[in-house]
Amino acid sequence: MSQGSSQRPHRVAVIVDEGTNPFEVGVATELFGLPRPELGLPGPLYEVTLCAPVPEIRMNHGFFTLTGVRGLDAVAQADTLVVPGRPDNVVPRGPDVLDAIRRAHARGARIVSFCTGTFALAEAGLLDGRRAATHWRWADSFRRLHPKVLLEPDVLFVDEGGLLTAAGSAAALDLGLYIWRRDHGAEIANHVSRRLVFAAHRDGGQRQFVERPVPQVRDESLAPLLAWAQERLGEPLTVAGLAARARVSPATLHRRFRAQLGTTPLAWLTSERVTLACQLIERGEERLDVVAARSGLGSAANLRARLRQATGLSPSAYRRRFGSGGGEALVS
């Protein structure tokens, strides 16, 4: 883990500005602010502070008024700063909010935006020349206002190192779980996702808009097939084999994956296998060839390549960071 049990919790500050969407504030507190006794740890891994530029702040359409939260001085102690979105995103943020964001970034805090919170990061000048995501509905206005930002209009979230941007309210959950995985590994992130009753891992490059047509005659949900495949990741599964299991053609299976998951069967299968490999390493498996075989990745070379692509770490580095058995190197 990046924060061991002997260290203080990772401090997360959430800026609540005039008109902020309550849902995204709730996402931040749900992800990082709740006690998690199911993890069996002696203390919390995150500590959340809500802060606002004024003592009483009206949230989206005046449905909520937030009082009794910290001022923007709380940003100075944050390890991660979360900036939720708001519907009036073309109205500039106040200079005090933008200054707080800039100062946090300058001292090395991780900056995270949800939905149209990306506008605030761009206004603060943090995204010029960098990739970013925001909600598809405001992509055109974002490009007009911030032409120097490399907007990726059809992805769930973007990780640019210390700057992470999520495309929408639900994608904020995807990004939050991604942060859990990056900070504490796949095993703990899966515990969090189960409590949320939310998909454990949707890759950031998946499409924002996922079509879910109502079945005309029978239930065409992929859930039974996915559950079946997840129990057999170490076997030589193929797209053709999955299609045969579902009693459809490979082309039909691709269409269903695109419509229901926003990805391809092969990409989903690879992602699931990498997640399983991470879990095996975290649980103490030291033999690289065993991890590769049990996860279905086949060879140690493929495991190294896929793990580095997904996490930025080699298997040995991943074990040192997240493994339960200490810092021993994995062996082939």
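In this chain, residues are counted from 1 in sequence order. All values reported here derive from a predicted model rather than from experimental measurement. We use all heavy atoms of the structure for the numbers below, so side chains are in, but hydrogens, waters and symmetry mates are not.
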Could you check whether [X] pairs with [Y] (Lys NZ or Arg NE/NH1/NH2 to Asp/Glu carboxylate O, under 4.0 Å)?
X    : Y    : value
R182 : D159 : yes
R8   : D79  : yes
R287 : E285 : yes
R319 : E286 : yes

Do [X] and [Y] share a hydrophobic cluster, counting only Ile, Leu, Val, Met, Phe, Trp and Tyr and linking them when any side-chain heavy atoms are less than 4.5 Å apart?
X    : Y    : answer
V149 : L98  : no
V27  : L34  : no
F23  : F64  : yes
L39  : Y178 : yes
Y318 : V290 : no

Going by the side chain to side chain contact (heavy atoms under 4.5 Å, CB included) test, name the single residue among V112, N21, T20, T116 that passes it with P84. T20
Any heavy-atom pair between the side chains of [Y] and [X] that's under 4.5 Å?
X    : Y    : answer
R70  : Q77  : yes
F114 : V83  : no
R110 : D183 : yes
L222 : L253 : yes
L288 : L303 : yes
L41  : R36  : no
W228 : L237 : yes
T275 : N190 : yes

Going from [atom1] on [X] to [atom2] on [Y], what distance comes out if it is rounded to the nearest 0.5 angstrom?
X    : Y    : atom1 : atom2 : result
F257 : L226 : CZ    : CG    : 5.0 Å
S113 : F119 : OG    : CZ    : 10.5 Å
R255 : S249 : CZ    : OG    : 6.0 Å
R245 : R232 : CZ    : CZ    : 6.0 Å
R256 : L242 : CZ    : CG    : 13.0 Å
K148 : L127 : NZ    : CG    : 13.0 Å

Between [X] (side chain only) and [Y] (backbone N and O only), is there a donor and an acceptor less than 3.5 Å apart?
X    : Y    : result
R58  : E18  : no
R181 : I188 : no
T311 : R308 : no
E282 : A186 : yes

Would the W180 and Y46 ring centres measure less than 6.0 Å apart?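 Ring-ring flag for W180/Y46: true, centres closer than 6.0 Å.
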Please determine whether side-chain contact (heavy atoms from CB on, under 4.5 Å) holds for the pair T29 and L50, giving the CA-CA distance in whole Å, both sets of side-chain angles, and the decisive distance to 0.1 Å. CA-CA 9 Å; T29 54; L50 301 183; 4.0 Å; yes
Does atom CZ of R247 have more than 12 heavy-atom neighbours, drawn from other residues, nucleotides or ligands, at distances under 6.0 Å?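 Open: at most 12 neighbouring heavy atoms sit under 6.0 Å from CZ of R247.
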Neighbour count above 12 (heavy atom, 6.0 Å) for E38 CD: yes
What verdict does the salt bridge (charged side-chain N to carboxylate O under 4.0 Å, His left out) test give for R131 and E152, after you've listed the backbone C-alpha separation in whole Å, the side-chain angles of each residue and the deciding distance to 0.1 Å? CA-CA 7 Å; R131 298 180 305 122; E152 298 199 3; 3.1 Å; yes
Chi angles and distances behind the side-chain contact (heavy atoms from CB on, under 4.5 Å) call for T80, H10: CA-CA 8 Å; T80 292; H10 183 97; 2.6 Å; yes
State which residues pass side-chain contact (heavy atoms from CB on, under 4.5 Å) with P92; sequence neighbours excluded, sorted by chain then number.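 P92 satisfies side-chain contact (heavy atoms from CB on, under 4.5 Å) with E123 once adjacent residues are dropped.
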Kindly determine whether C51 and V14 satisfy side-chain contact (heavy atoms from CB on, under 4.5 Å), including the steps that lead there. CA-CA 6 Å; C51 57; V14 182; over 6 Å; no
Report the C-alpha separation of T165 and T134 in whole Å, then their side-chain angles, then the decisive distance to 0.1 Å, and conclude whether the side-chain contact (heavy atoms from CB on, under 4.5 Å) test is met. CA-CA 7 Å; T165 53; T134 194; over 6 Å; no
Does R294 have any side-chain hydrogen bond (donor to acceptor under 3.5 Å, both in side chains) partners at least two apart in sequence or in another chain, and if so, which? none
